[in-house]
Each structure stands twice: as structure tokens, then as C-alpha cells.
There are 2 protein chains.
Amino acid sequence: MWESVENRLRIAGLRPTRQRVALGRLLLDGRDRHVTAEALHVEAVAASIPVSLATVYNTLHQFTEAGLLREVAVNGSKSYFDTNVSNHHHYYIENENRLIDIGETSSIRVEGLPETPHGMEITHVDVVVRLRPAAGRR
Amino acid sequence: MWESVENRLRIAGLRPTRQRVALGRLLLDGRDRHVTAEALHVEAVAASIPVSLATVYNTLHQFTEAGLLREVAVNGSKSYFDTNVSNHHHYYIENENRLIDIGETSSIRVEGLPETPHGMEITHVDVVVRLRPAAGRR
DNA sequence: ATTTGTGCAAATCGTTTGCATCTGA
DNA sequence: TCAGATGCAAACGATTTGCACAAAT
């Protein structure tokens with residue numbers, strides 16, 4: 001049923017090198033995750049995958065271009081990469097800089113989109129629901 | 001009908017200094033704009049308002065905290081400040097890094113939001129419709 | 001053998017900060 | 001007067017890049 005990581009990379013036009021395969025095994029196992037380059041690098045090194053931060057960045061972008069990941073922008077500083085490539089939206093926990101999927105199963109949807117402007121097409125509609133601890137606690 | 005920029009700053013608890021007033025005049029004239037710190041700095045200098053980039057950053061953040069501006073995160077790198085503080089959403093033109101308001105008049109709305117998690121409250125729901133030139137052109 | 005990927009360190013980009021100097025109330 | 005604001009340059013964090021070396025086809 002499932003292609004090996006090697007084959008998925010090949011199909012995506014990426015040579016299955018050691019580090020790509022290793023990172024792919026961490027990311028493309030079907031779990032829904034949101035990683036930063038930094039965090040993935042730490043994780044890889046901890047898993048005895050010798051890889052440089054620069055290569056992690058390269059790999060994340062290559063995977064994203066290949067449609068294996070999706071990049072999510074929530075705050076001006078760091079970038080998050082989402083292993084869930086299907087249509088879904090996010091909660092963003094402001095005080096802890098954390099991103100959570102709003103499952104596809106949720107009935108969330110955007111209604112009443114106006115006409116798309118002149119010669120443009122929609123690549124994606126991002127919905128981010130920003131959350132903070134309720135009331136008292138701040 | 002309209003408060004002067006000076007008074008709006010005073011009301012917001014900000015001392016109406018030269019540069020705040022000058023930047024306020026550029027930003028708070030009722031036009032809907034999306035500026036980056038860099039762009040605003042260039043604009044200010046061009047308008048013979050001697051102000052440093054650091055002060056532009058400070059001012060943008062102070063205005064944002066005071067509710068005079070809203071910060072919009074669309075891509076991992078730079079921050080945009082929106083002079084339209086009311087409830088509305090955005091188009092983001094990917095290939096030219098440009099942000100456009102989807103007017104409040106549009107019937108856009110988000111339906112079927114799931115229960116907000118445990119002890120959290122929504123600060124804001126951001127909708128970004130990402131656009132690129134249609135079909136052929138790329 | 002040739003092409004493509006990788007690691008490292010240096011470079012870049014946007015943004016923030018420390019601190020001496022100014023300025024508005 | 002003097003708390004608060006500003007300017008500058010240096011510091012910073014995240015990301016990118018240049019180039020010599022290594023690995024995949």
C-alpha cells in the first residue's frame with residue numbers, strides 16, 4: 001500500500017540521498033506534525049542522523065516544492081512545515097508559538113469568497129485561528 | 001469629526017513626538033495600506049521626515065499595541081502592518097509579495113469553527129487567500 | 001564520469017537592543 | 001526637570017549562499 005520513502009522521493013524527482021531518506025523517514029510516516037528547521041535538525045542529530053542545518057533547510061524546501069510538505073506562516077519570524085498536506089486549517093497558540101491542526105473532519109469552511117481578481121488563481125486558502133489562554137490567565 | 005493625529009496618540013497613551021506624529025500622518029489618514037517597516041522608513045525619509053529605521057520599528061509596534069495598526073503574518077520573513085484595523089481578510093499575491101484587503105463588504109466568513117480547545121479563547125481568525133497569476137503565465 | 005547533494009562557515013536579511021543624547025510635558 | 005523617545009551601531013536569530021568535497025546514477 002505505501003511507497004517506501006525512497007520511491008516517494010524518486011517519484012517527486014528527488015534523489016534519495018542518505019539525509020533526505022533519513023529526514024523523510026522522520027517526517028513522512030503519516031503522522032501530522034509541524035516542525036521548524038531548527039527543531040528537525042535537533043531531532044535528526046539526536047537520532048544519529050548526521051546532517052547539517054543547511055541541508056535541513058534545503059531538504060524542507062525541496063520537500064515542500066515537491067508537495068510532500070506544506071509551509072505555514074503564522075508569525076513573522078520562524079517558518080513551520082506541516083506534514084499534513086491535505087486541506088485543513090490551524091489553531092495557533094500565541095503564547096507558546098505552537099501550531100495545531102484543525103482536523104479535516106471539522107466542518108470549518110470559508111463561505112462567500114469574492115471573485116478572484118483579474119487573471120489570478122487561488123493557490124490556497126489559509127485559515128489561522130489564533131488562541132490564547134482564556135480570560136483571567138494571561 | 002476626526003481627532004488630530006496628536007490627540008489620537010495622546011488617547012492611546014503615546015506621547016505625540018515629532019516622528020510619531022509624522023509617521024501617524026502617513027499611516028492614519030484613513031487609507032487602507034499595508035506597509036513594511038523598511039518601506040515606511042523609505043517613505044518617511046523621502047518625505048523629509050528624519051527618522052531612523054529603529055524608531056520606525058518601535059513606532060509600528062507601539063501603534064499596533066495601541067490598536068491603531070494590525071500586524072499581518074503571511075510569509076516567514078517580513079512583517080506587514082495593516083492600517084485597516086477592522087474585521088477583514090486578505091489576498092496575498094505570492095509572486096509579488098503583496099497584500100490586498102478583502103473588503104468587509106465582501107460576504108466572506110468562516111463557518112463551522114469547531115469548539116475552541118480547553119481554556120483557550122480566540123483572539124482573531126485570519127483568512128489569507130493566496131493568489132498567483134492564472135494558468136499559462138507563471 | 002558526470003551530475004547532484006552536502007557541510008561548513010561566512011554572508012545576508014529583517015528585526016531588536018544598549019546606550020548616549022535629545023525632547024516634550 | 002526628567003521620564004520618556006530617539007539615533008546609531010552593534011547584536012541577533014533565522015535563513016541563505018559559495019565553494020570544496022562526497023555520493024548517487
Side-chain angles (χ1 to χ4, degrees), chain A residues 4-26 34-45 47-66 68-69 71-81 97 99, chain B residues 4-26 34-45 48-66 68-69 71-81 97-99:
Chain A
S4 65
V5 169
E6 280 88 341
N7 281 336
R8 296 182 64 190
L9 295 181
R10 247 185 277 271
I11 291 165
L14 296 170
R15 283 216 299 224
T17 64
R18 293 189 195 310
Q19 19 290 74
R20 282 184 190 158
V21 172
L23 294 176
R25 292 221 173 94
L26 289 179
H34 305 96
V35 297
T36 60
E38 185 69 40
L40 181 59
H41 183 232
V42 168
E43 187 179 335
V45 170
S48 307
I49 302 165
V51 66
S52 71
L53 182 54
T55 296
V56 171
Y57 273 105
N58 288 338
T59 304
L60 285 172
H61 286 138
Q62 290 152 355
F63 282 15
T64 300
E65 265 164 53
L68 301 171
L69 296 178
E71 195 168 356
V72 186
V74 269
N75 76 111
S77 47
K78 46 183 68 174
S79 280
Y80 291 81
F81 293 86
N97 266 50
L99 208 52
Chain B
S4 65
V5 169
E6 279 88 342
N7 281 337
R8 296 182 63 189
L9 294 182
R10 247 186 277 271
I11 291 165
L14 296 170
R15 279 218 300 225
T17 64
R18 292 188 195 311
Q19 18 292 74
R20 283 183 188 157
V21 172
L23 294 176
R25 292 223 173 94
L26 288 178
H34 305 94
V35 297
T36 61
E38 184 69 40
L40 180 58
H41 183 231
V42 168
E43 188 179 335
V45 170
S48 306
I49 302 165
V51 66
S52 71
L53 182 55
T55 296
V56 171
Y57 274 105
N58 288 337
T59 303
L60 285 172
H61 286 138
Q62 290 152 356
F63 283 15
T64 300
E65 266 163 52
L68 301 171
L69 296 178
E71 195 168 356
V72 186
V74 270
N75 75 114
S77 49
K78 47 183 69 174
S79 281
Y80 291 80
F81 294 85
N97 266 50
R98 207 155 54 81
L99 207 52

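The chains referred to below are lettered A, B, ... by the order of the sequence lines, with proteins before strands, and numbering in each begins at 1.
- Remark: Glu71(A) pairs with His61(A), Thr64(A), Ser79(A), Phe81(A) by the side chain to side chain contact (heavy atoms under 4.5 Å, CB included) rule, at least two apart or across chains.
- How far CD1 of Ile49(B) is from CZ of Arg25(B): 9.0 Å, rounded to the nearest 0.5 Å.
- In terms of the salt bridge (Lys or Arg N to Asp or Glu O under 4.0 Å) criterion, Arg10(B) has no residue partners (sequence neighbours excluded).
- End-to-end axis angle for the helix from dA1(C)-dT25(D) to dA25(C)-dT1(D), using five pairs per end and rounding to 10°, comes out at 30°.
- Applying the ring pair (Phe, Tyr, Trp, His ring centres under 6.0 Å) criterion to His41(B), with sequence neighbours excluded, gives no partner residue.
- Protein chain A touches strand DNA chain C; the 5'-most and 3'-most nucleotides with an atom under 4.0 angstrom of its non-hydrogen atoms are dT3(C) to dC8(C).
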Inset, instruction - Take Arg8(B) and Leu68(B), measure what side-chain contact (heavy atoms from CB on, under 4.5 Å) needs, and give me the verdict at the end. - result: CA-CA 9 Å; Arg8(B) 296 182 63 189; Leu68(B) 301 171; 4.0 Å; yes
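- Panel note: side chain Arg20(A), backbone Arg15(A); a donor-acceptor pair is recorded below 3.5 Å.
- In this structure, Phe63(B) CZ and Asn58(B) CG are separated by 11.0 Å, a value rounded to the nearest 0.5 Å.
- Distance check, rounded to the nearest 0.5 Å: CG of Leu99(A) to OG1 of Thr36(A) gives 11.0 Å.
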Legend entry - Trace of the side-chain contact (heavy atoms from CB on, under 4.5 Å) decision for Leu26(A) with Glu43(A): CA-CA 9 Å; Leu26(A) 289 179; Glu43(A) 187 179 335; 3.7 Å; yes
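- What you find for Leu23(B) and Ala44(B) is that their closest heavy atoms are CD2-CB, 3.9 Å.
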Legend entry - Contact state string [nucleotides 12-25 of chain D, B base, S sugar-phosphate only, - no protein heavy atom under 4.0 Å]: --SBBB------BS
